[in-house]
Enquirer: 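Pasting a structure here, questions to come.
Heavy atoms only: backbone and side chains are in, while hydrogens, waters and symmetry mates are out. In each ligand, atom 1 is the first atom listed, and ligand 1 is the first ligand listed. As the structure is a computational prediction, the values presented were derived from the model and not from experiment.
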Amino acid sequence: MESAALMWSVAAVTAAVFFWFVCIMGSAEVKGKRAVDLKMGSITRDKVQDKYKQYWSFFRRPIETLNSSENVPAFVDTFYNLVTDIYEWGWGQSFHFSPSLPGRSHRDATRIHEERVVDLIKARPGNRILDVGCGVGGPMRAIAARSGSDVVGITINEYQVGRARAHNRKAGLDGACEVVCGNFLQMPFGDSAFDGAYSIEATCHAPRLEDVYAEIYRVLKPGAMYVSYEWVTTGLYRAGDPEHVEAIHGIERGDALPGLRSQDQIAEVARRVGFEVIEERDLALPPAGPWWNRLKMGRLAYWRNHILVSILTILRIAPKGVVEVHEMLYETARHLTRGGEMGIFTPMHMILCRKPIDGDDN
Ligand SMILES: C=C(CC[C@@H](C)[C@H]1CC[C@H]2C3=CC[C@H]4[C@H](C)[C@@H](O)CC[C@]4(C)[C@H]3CC[C@]12C)C(C)C
Ligand SMILES: C[S@@+](CC[C@H](N)C(=O)[O-])C[C@H]1O[C@@H](n2cnc3c(N)ncnc32)[C@H](O)[C@@H]1O
């Protein structure tokens, strides 16, 4: 009798710990998702593993296919179906890095990095601002709330559109924030439709930066400002150093990038499509604290998350394939950290541009 009671107590404690582990202890700072809710975007459960294999097969294709504008958006869409829920669960609603700020939380650092956009593009109440590659809308909500502007976000991924709209409603910002599903290489907006625009760690997915910058230029009003936080290799990157190459290839493969650009190419492209370049700066440079700290400090969390997704897959709560996607992200985090530590990569090369007014001498 006593041993039965003991067994029941052990079972009850185990169940309570498991419940706490899965349902309560969400790892996201702004919990958008719990582990038990992990889906894989709009991919049906039985197709997740196939889609994951399809994602990897893209990198085995010849380089010309990899860089073609026709194939990349579909490949990026597949990637975001696979990772969006894991990002939300493990990172929050803003899919980007920020300089770490001494004494401040990651959440504060993220918001401050987003709100910097408001000052840079001079977003004002009543303005119509475009968010190019908006994810599930973390930045859009911060920017709309801070500036009083109306923000329109565009993303290639239908699943993200649904998530972003749901978050907007929950935050009471659905009147100020609108989300459109579409390709930023051919945007469904008229010429001169926006008073300002920004892109946060999104245009790195474009096979040719000219194409997306030219589209942004087209939809901006003359005199309007555009700021972008770009993923680039820095001047310290050496194509002949195997350690450098391994980190950069690792970043490209784990983040659906057709090929990273170098820091010195960005302003040149902006000028080529007609922009006046106002300022260009790597926001990761000192005094900014290392953006990769947040990835490093999470080693224990990764281990916990790995066990969690494995258990949820065995219990068939999460679809098969989630463990592989999670492992891919773990590897990616390692490469991003190495890229940051070696100083050969930055995810926050800031470029501030202005569309000239006719008659400006530019
Ligand atoms: C801008 C892009 C995405 C940048 C980051 C938001 C994501 C890059 C790598 C991601 C992650 C890596 C490790 C994951 C971890 C193994 C898991 O347990 C929890 C989620 C991670 C921390 C995940 C979160 C998002 C990233 C940091 C690219 C795509 C252009
Ligand atoms: C890393 S996420 C960043 C999201 C958001 N800016 C943030 O910081 O939270 C990149 C975003 O770019 C979008 N994207 C990539 N290629 C795109 C394309 N061709 N057209 C539209 N959106 C695209 C993705 O769907 C995703 O929403």
Enquirer: Closer than 4.0 Å to some heavy atom of Asp255 - which atoms of ligand 1 meet that?
Expert: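 Going through ligand 1 atom by atom, the ones under 4.0 Å from Asp255 are 8 (C), 28 (C), 29 (C).
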
Enquirer: When you compare the side chain of Val180 with that of Cys134, does any pair of heavy atoms fall below 4.5 Å?
Expert: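 The answer is no, as the side chains (C-beta and beyond) never meet within the 4.5 Å cut-off.
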
Enquirer: Going by distance only, is there an N or O of Tyr87 that falls short of 3.5 Å from an N or O of ligand 1?
Expert: no

Enquirer: Counting heavy atoms only, which part of Tyr80 comes closer than 4.0 Å to ligand 1: side chain, backbone, both or neither?
Expert: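 The answer is the side chain of Tyr80.
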
Enquirer: Under 6.0 Å from the six-membered ring centre of Trp91 and within 45° of its axis: does the NZ or CZ of Arg294 meet both?
Expert: yes

Enquirer: Side chain, backbone, both or neither: which part of Trp231 has a heavy atom under 4.0 Å from ligand 1?
Expert: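 The part of Trp231 near ligand 1 is the side chain, not the backbone.
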
Enquirer: For Asn305, which part has a heavy atom under 4.0 Å from ligand 1: side chain, backbone, both, or neither?
Expert: side chain

Enquirer: Mind checking whether Ala301 contacts ligand 1 via backbone (N, CA, C, O), side chain (CB onward), both or neither, at a 4.0 Å heavy-atom cut-off?
Expert: neither

Enquirer: Going by atom types alone, do Arg141 and Gln93 pair a side-chain donor with an acceptor below 3.5 Å?
Expert: yes

Enquirer: With heavy atoms under 4.0 Å as the rule, classify the contact between His205 and ligand 1 as side chain, backbone, both or neither.
Expert: side chain

Enquirer: Would you list the pairs meeting ring-ring contact (aromatic ring centres under 6.0 Å, His included) in which at least one residue belongs to residues 168-193, sequence neighbours left out?
Expert: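 Matches after skipping sequence neighbours: Phe189-Phe194.
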
Enquirer: Which atoms from ligand 1 have a heavy atom of His96 less than 4.0 Å away?
Expert: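 Contacts of ligand 1 toward His96, numbered from 1: 6 (C).
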
Enquirer: Would you mind checking if Lys221 and Asp195 are paired as a salt bridge, meaning a charged N to carboxylate O distance below 4.0 Å?
Expert: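 Looking at Lys221 together with Asp195, the answer is yes, because their closest N to O distance falls below 4.0 Å.
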
Enquirer: I'd like the name of whichever of Tyr330, Tyr302, Phe79, Trp89 reaches closest to atom 15 (C) of ligand 1 through any heavy atom.
Expert: Tyr302

Enquirer: With His96, which residues qualify under side-chain hydrogen bond (donor to acceptor under 3.5 Å, both in side chains), at least two apart?
Expert: Glu114

Enquirer: Does the plane of the ring in Phe79 sit parallel, tilted or perpendicular to the ring in His205? Use 30° and 60° as the thresholds.
Expert: tilted

Enquirer: Taking only heavy atoms of the protein into account, state which residues are under 4.0 angstrom from an atom of ligand 2, in chain and number order.
Expert: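 Its neighbours under 4.0 Å (heavy atoms only) are Val76, Tyr80, Ser94, Phe95, His96, Gly133, Cys134, Gly135, Pro139, Thr155, Ile156, Gln160, Gly182, Asn183, Phe184, Ile200, Glu201, Ala202, His205, given by chain and number.
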
Enquirer: Do the side chains of Glu230 and Arg261 get close enough for a salt bridge, i.e. N-O under 4.0 angstrom?
Expert: no

Enquirer: What residues, two or more places apart in sequence or in another chain, satisfy side chain to side chain contact (heavy atoms under 4.5 Å, CB included) together with Glu158?
Expert: Cys181

Enquirer: Measuring from atom OH of Tyr229 to atom NE2 of His113, what distance do you get when rounded to the nearest 0.5 angstrom?
Expert: 4.5 Å

Enquirer: Give the contacting part of Leu336 toward ligand 1: side chain, backbone, both or neither, where contact means a heavy-atom distance below 4.0 Å.
Expert: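 The answer is the side chain.
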
Enquirer: Answer yes when Arg218 and Asp191 have at least one side-chain N-carboxylate O distance shorter than 4.0 Å, and no when they do not.
Expert: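 Judged by the 4.0 Å cut-off on N to carboxylate O distance, Arg218 and Asp191 do form a salt bridge.
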
